[in-house]
Amino acid sequence: MNLLQLGGAQSTCPWNIAQICEQSRTSARAGRSSITSTSQEIMENDVFKYYSEGEWKVSSSGKSVQVINPTTRKTQYKVQACTQEEVNQVMESSRMAQKSWAKTPLWKRAEMLHKAGAILKDHKKPIAECLVKEIAKPATDALTEVVRSGDFVSYCAEEGVRILGKGEFLVSDSFPGNDRTKYCLTSKVPLGVVLAIPPFNYPVNLAVSKIAPALIAGNSLVLKPPTQGAVAALHMVHCFHMAGFPKGLISCVTGKGSEIGDFLTMHPGINCISFTGGDTGISISKKAGMIPLQMELGGKDACIVLDDADLDLAASCIVKGGFSYSGQRCTAVKVVLVVESVADALVKKVNEKVEKLSVGAPEDDCDITPVVTEFSSNFIEALVMDAKQKGATLCQEYRREGNLIWPLLLDNVRSDMRIAWEEPFGPVLPVIRINSVEEGIRHCNHSNFGLQGCVFTKDINRAIQISDAMEIGTVQINSAPARGPDHFPFQGLKDSGIGSQGSIFVWECCVFYAGLIVEKRMMIMVFDAGFSLCFHVGLSVEKKMVIMLPIQSSPFWIFRKPSLRWHVLMEADISGTIFATDFLNEGRGGSVTLNYFWVWQEMGKLKDGKFSRDVIEAMSENPDFVTSQS
Ligand code: NAP
């Protein structure tokens, strides 16, 4: 079976798990062959196809966009330049697919994501190869990115089941002026179609960081990958395709952001945008309509080094933090603020380590590889020249060949230099000598960015005080800034972003809290006494019932039957009719879920005013039963 057949075999009914498992295993075996077999399916005439309605397609534009290899500076790949009409089509199929996906039980969504995560890890090599060619990521880091992404997808599935399966229960008398007459149940509900736009530096990881949370929460997803990194992203999407997600649930449209970006971000079919990148995000936020935005943008992460710091540790973290992937990380250390008394010693140690960094091709796994584009190289060079002209000390000779820029530490940088404030996104690192910690904090807070930062000191009390004073998303104490582990909260203030990433926090972006307010008198309570003295109240209501039933509940009592099941005998007045019901607690966490609308229809089945066990069981099978899926 080739990959095309596998793709074609994907089902619109996603919950035949055995079939999916087998399909995934077969896909994974097939996928191990090489990138070539996958490419045959997703490429035509040397141009990679885009992904829409569960199929790989050639754009009717007849145009392609070149992906330039940063090392060779020659065209490495070509991707489709999608048209507005194709985007419209994607939005429509995405909208349709989301409707049924939202009804797919949470645990089944999780099953599929686990499959996708496993397939992704199984395809790490061919995808990593693309990362090496498209964005000059060192070979080992490229592999790590894919594996980490597969792990994230699985972790997200796991966490999603727990977190999305929970809601809140509020009572009205906690707010002044109210009696306990109302209950409010909140649950997390998908938004609809999520548009995901990741940046070039982590085109796989920062794509799945958006895809997995959106999907597990019941959304559909439209991906617009960065042009540099588009082919790695298409291969990643192919893994989701092989996992058998319903058609239209995931789509991937390619093209230059400058050409189709506005059309995508202002499209009326989009219900949420999750974007990672630079200033582009700020302009998107001004153009997007009334939809939730998650923006992970630039940073100017400051590293404050105090006089009592472990300078060896600080130097190691500064070099790792500042120069990994040639400084092209949002959380790279982008300015060192060191107190004057230890500045000479720190600069010496950092320089010793900088000299040892290997410079060259990503295929050779060098520490410093070419930066992503010629435009970037020119921008970095301009920052260096500005600083040099204004009197900064270049600790190494400035050297550049094509897009390859040798690592450079700039000492004695002052705040009138551009590099003190701007994000080079390259292997050049400014050092500002400060006379006091307060001066360092002031510099950090004066930045328009507020992503991460770090503090090096042996005094934990001072570290915490400084951390509190730094107006940034996250402070690392005695270690370099970093986004991971991927389940930690990650967010920026000011121009660094809106909202949080990190799997246990990311839901806030792609769900809204649906409230269900119920008059207390209408509730049916089921008590689960368990075997302890502590009563646990389980309360489940189906949304549709609130408008249906004017129930006046009267006292109820519980008794225990020899079967060891707890039963609740309840008397209620429904439209003037007194009847008694017998609910079975089937061990579902102490609650029985009733779809009253459905029950209402089934009332004819009640014998002597009692629910039979058959009815209770049938209710559990009701497809509208959405609150206990996890
Ligand atoms: P970018 O130029 O802002 O591009 C990011 C994405 O936006 C790309 O997919 C790009 O597509 C797309 N795009 C461009 N114009 C658009 C438009 N008008 N509408 C919609 N999308 C558009 O950023 P980058 O150079 O790829 O990445 C580097 C930046 O990302 C740095 O500033 C870095 O700090 C930031 N970053 C932040 C985080 C974080 O989590 N805070 C993480 C990583 C990177 P094309 O490639 O086709 O232009």
Side-chain angles (χ1 to χ4, degrees), residues 50 64-68 70 79-82 87 134-135 137 145 195-207 209-210 222-233 252-267 270 273-288 293-301 324-334 371-373 375-377 379-380 422-426 447-452 472-474 481-484 486 488-502 506 509:
Y50 75 103
S64 62
V65 177
Q66 296 179 355
V67 180
I68 308 292
V79 295
Q80 306 291 328
C82 291
V87 169
E134 286 184 284
I135 58 166
K137 185 160 278 196
E145 177 174 346
L195 172 66
I197 306 183
F200 82 85
N201 60 342
Y202 290 90
V204 174
N205 184 259
L206 285 171
S209 297
K210 302 168 189 316
V222 177
L223 174 68
K224 182 347 232 163
T227 296
Q228 298 295 137
V231 176
C252 183
V253 289
T254 50
K256 281 189 186 159
S258 54
E259 286 171 12
I260 56 163
D262 282 357
F263 190 73
L264 279 163
T265 52
M266 295 197 282
H267 199 285
I270 290 295
I273 300 175
S274 179
F275 176 91
T276 306
D279 288 351
T280 320
I282 297 174
S283 55
I284 290 174
S285 71
K286 290 178 181 151
K287 292 181 210 160
L293 301 176
Q294 185 192 39
M295 295 277 161
E296 303 287 343
L297 309 182
K300 186 73 185 172
D301 294 9
S324 295
Y325 187 33
S326 307
Q328 298 174 108
R329 294 164 52 247
C330 55
T331 52
V333 171
K334 293 191 184 119
V371 298
V372 69
T373 58
F375 180 85
S376 269
S377 320
F379 178 76
I380 296 162
E422 295 181 40
E423 184 187 28
F425 232 57
S447 170
N448 58 318
F449 293 116
L451 193 59
Q452 283 210 0
I472 53 180
T474 306
R483 190 167 71 89
D486 287 345
F488 281 8
F490 183 63
Q491 62 193 0
L493 303 177
K494 301 188 268 185
D495 286 355
S496 287
I498 308 169
S500 267
Q501 232 167 234
V506 73
C509 168

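For ligands, and for the atoms within them, numbers begin at 1 and follow the listed sequence.
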Can you tell me which portion of Thr227 lies within the under-4.0 Å heavy-atom range of ligand 1? Options are side chain, backbone, both, or neither.
both

Taking C-beta and beyond as the side chain, do Ser326 and Lys137 meet within less than 4.5 Å on heavy atoms?
no

Validation row: Lys210, Thr276 side chains within 4.5 angstrom (heavy atoms)
yes

Identity and distance of the protein heavy atom lying nearest atom 7 (O) of ligand 1:
Phe275 CE1, 3.2 Å

Close side-chain approach of Thr254 to Val65, heavy-atom, < 4.5 Å:
no

protein heavy-atom neighbour closest to atom 41 (N) of ligand 1 works out as Leu297 O, 2.7 Å

Pairwise distance OG1(Thr265) to CG(Leu293) - rounded to 0.5 angstrom
9.5 Å

Has ligand 1 got any nitrogen or oxygen that is less than 3.5 angstrom from a nitrogen or oxygen of Pro199?
no

Can you sort out the partners of Glu423 under salt bridge (Lys or Arg N to Asp or Glu O under 4.0 Å), two or more places apart, ordered by chain and number?
Lys334

Does ligand 1 have any atom sitting under 4.0 Å from a heavy atom of Lys224?
yes

If the cut-off is 4.0 Å to any non-hydrogen atom of Pro226, which atoms of ligand 1 fall inside it?
8 (C), 9 (O), 46 (O)

Can you list the ligand 1 atoms lying under 4.0 Å from a non-hydrogen atom of Pro198?
6 (C), 8 (C), 9 (O)

Quick one: are Val333 and Asp301 in side-chain contact, heavy atoms under 4.5 Å?
no

Under a 4.5 Å cut-off applied to non-hydrogen side-chain atoms, are Glu134 and Phe200 in contact?
no

Stepwise side chain to side chain contact (heavy atoms under 4.5 Å, CB included) check, Val79 with Val231
CA-CA 7 Å; Val79 295; Val231 176; 3.9 Å; yes

Minimum side-chain heavy-atom gap Ile282-Leu297 below 4.5 Å:
yes

Decide yes or no for Pro203 and Gln228: does some side-chain heavy atom of the first lie under 4.5 Å from some side-chain heavy atom of the second?
no

Can you tell me which residue and heavy atom of the protein come closest to atom 35 (C) of ligand 1, and the distance to 0.1 Å?
Gly277 O, 3.1 Å

Option set Ser496, Ser376, Gly278, Ala288, criterion heavy-atom distance to atom 29 (C) of ligand 1, minimum:
Gly278

Out of Gly255, Cys330, Ala332, whose heavy atom is nearest to atom 39 (C) of ligand 1?
Cys330

Ligand 1 to Asn201, heavy atom cutoff 4.0 Å, flagged ligand atoms 43 (C), 44 (C)

Indicate yes or no for a side-chain donor-acceptor contact from Lys224 to the backbone of Val253 under 3.5 Å, with no hydrogens or angles considered.
no

Starting from atom 26 (O) of ligand 1, what is the nearest protein heavy atom, named by residue and atom, and what distance separates them?
Phe200 N, 3.1 Å

Compare all side-chain heavy atoms of Ile135 with those of Asn201 and state whether any distance is below 4.5 angstrom.
no

What atoms of ligand 1 come closer than 4.0 angstrom to any heavy atom of Gly261?
17 (C), 19 (N), 20 (C)

Which bit of Phe490 gets closer than 4.0 Å to ligand 1, counting heavy atoms only: side chain, backbone, both or neither?
side chain

Under 4.0 Å from a heavy atom of Asp262: give me the atoms of ligand 1 that qualify, with their elements.
18 (N), 19 (N)

Residue list, salt bridge (Lys or Arg N to Asp or Glu O under 4.0 Å) with Glu296, at least two apart or on another chain
none

Check whether any heavy atom of Phe425 sits under 4.0 Å from an atom of ligand 1.
yes

Proximity to ligand 1 by part of Ile284, non-hydrogen separation under 4.0 Å
side chain

To which protein heavy atom is atom 13 (N) of ligand 1 closest, and what is the distance rounded to 0.1 Å?
Gly257 CA, 3.7 Å

Of all the atoms in ligand 1, which lie at a distance below 4.0 Å from a heavy atom belonging to Glu423?
31 (C), 32 (O), 33 (C), 34 (O)

Using distance alone, decide if ligand 1 has a nitrogen or oxygen within less than 3.5 Å of any nitrogen or oxygen in Ile197.
no

Would Lys494 and Ser447 count as having a side-chain donor-acceptor pair, cut-off 3.5 Å?
no

Against heavy atoms of Leu206, which atoms of ligand 1 measure under 4.0 Å?
42 (C), 43 (C)

Considering only heavy atoms, which of Thr276, Thr280, Val67 lies nearest to atom 5 (C) of ligand 1?
Thr276

Residue portion contacting ligand 1 (non-hydrogen atoms closer than 4.0 Å) for Lys256
backbone

